[in-house]
Amino acid sequence: MVIYVPKARREQKPIYIGDDMFKGTYRRNWEGDYHCTPGEIKGMLRDQTENTMDMKVLEDMDMDVLNLETVHAYRNRHMAYRREHVWEQLGDGDYLERIGAARVFS
């Protein structure tokens, strides 16, 4: 028998068993399910909002604040997964804007 359990959207988390979310919240990884720590549960609650902290746009920042080695490593992983993607030819700034990691203000 196979039971498909869809991944919960961040707005729905934490999903827990029983009346106490701190005792009944579990996460699934590739090895199985494990009990969440209070910090993980608080992180899920924090990330329920429509706009999470990592979506906040920091104005007056230039590309030089980014670690380009990390940006290139991410791009390499993306290109390995999606070979010959149309974004492969973009510069770093345009690429980051397309994936939603950067925004240009005029």
Side-chain angles (χ1 to χ4, degrees):
M1 175 185 290
V2 175
I3 298 173
Y4 174 72
V5 179
K7 182 177 179 178
R9 295 187 323 269
R10 72 178 157 76
E11 297 89 1
Q12 297 172 312
K13 295 178 184 179
I15 295 176
Y16 53 94
I17 300 168
D19 295 329
D20 186 346
M21 78 172 70
F22 289 98
K23 291 181 181 176
T25 301
Y26 294 81
R27 287 187 74 138
R28 176 165 293 151
N29 64 17
W30 296 108
E31 299 169 359
D33 296 342
Y34 66 94
H35 191 258
C36 290
T37 66
E40 288 173 315
I41 296 167
K42 289 175 186 175
M44 289 180 213
L45 293 169
R46 179 194 63 234
D47 291 341
Q48 281 180 342
T49 62
E50 193 170 316
N51 294 316
T52 62
M53 290 299 292
D54 61 349
M55 293 177 178
K56 183 177 179 177
V57 176
L58 302 175
E59 298 181 36
D60 301 322
M61 302 289 277
D62 293 324
M63 286 281 293
D64 60 352
V65 301
L66 299 176
N67 181 327
L68 290 182
E69 186 177 319
T70 302
V71 172
H72 294 156
Y74 180 83
R75 289 188 74 167
N76 288 337
R77 288 187 67 179
H78 180 224
M79 296 312 154
Y81 177 70
R82 302 284 307 266
R83 296 183 189 273
E84 299 181 22
H85 193 277
V86 294
W87 295 349
E88 187 173 349
Q89 303 303 319
L90 295 175
D92 291 335
D94 290 333
Y95 176 79
L96 291 171
E97 190 173 3
R98 294 283 172 89
I99 66 168
R103 185 182 300 165
V104 177
F105 290 97
S106 13

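Because only heavy atoms are used, hydrogens play no part in the values below, and waters and symmetry mates are left out as well, while side chains stay in.
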Please answer: with hydrophobic residues joined when any side-chain heavy atoms are less than 4.5 Å apart, are [X] and [Y] in the same cluster?
| X | Y | answer |
| --- | --- | --- |
| V65 | V71 | yes |
| I17 | M21 | no |
| Y74 | Y81 | no |

So for atom [atom1], which belongs to [X], do other residues, nucleotides or ligands contribute more than 12 heavy atoms lying within a distance under 6.0 Å?
| X | atom1 | answer |
| --- | --- | --- |
| E84 | CD | no |
| D20 | CG | yes |
| Q12 | CD | yes |

Indicate the atoms forming the closest heavy-atom contact of [X] with [Y], along with that distance.
| X | Y | result |
| --- | --- | --- |
| M44 | P14 | SD-CB, 3.5 Å |
| Y26 | C36 | C-SG, 3.7 Å |
| E40 | Y34 | OE2-OH, 3.4 Å |
| R28 | V5 | NH1-CB, 4.1 Å |
| W87 | R75 | O-NH2, 3.3 Å |
| R10 | D47 | NH1-O, 3.2 Å |

Distance (rounded to the nearest 0.5 Å) between H35 NE2 and T37 OG1 =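 Reported value, rounded in 0.5 Å steps: 9.0 Å.
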
Would you check if Y16 and I41 make a side-chain contact, meaning some heavy-atom pair closer than 4.5 Å?
->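 No, their side chains stay 4.5 Å or more apart.
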
Side-chain heavy atoms of D92 within contact of L66, under 4.5 Å |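 No, every pair of side-chain atoms sits at 4.5 Å or beyond.
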
Sole residue of H72, H78, E88 in side chain to side chain donor-acceptor pair (under 3.5 Å) with Y95 =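 That would be H78.
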
Hey, is the main chain of D64 close enough, under 3.5 Å, to the side chain of D62 for a donor-acceptor pair?
->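 The answer is no, because no donor-acceptor pair under 3.5 Å joins these two groups.
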
Take K13 and K7 through the test side-chain contact (heavy atoms from CB on, under 4.5 Å) and record every step on the way to the result.
-> CA-CA 10 Å; K13 295 178 184 179; K7 182 177 179 178; 3.9 Å; yes

Carefully, step by step, assess L96 and M63 under the rule side-chain contact (heavy atoms from CB on, under 4.5 Å).
-> CA-CA 10 Å; L96 291 171; M63 286 281 293; 3.9 Å; yes

E97, H85, R98 screened by side-chain contact (heavy atoms from CB on, under 4.5 Å) with L90, the one that passes |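 Exactly one candidate clears the test, R98.
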
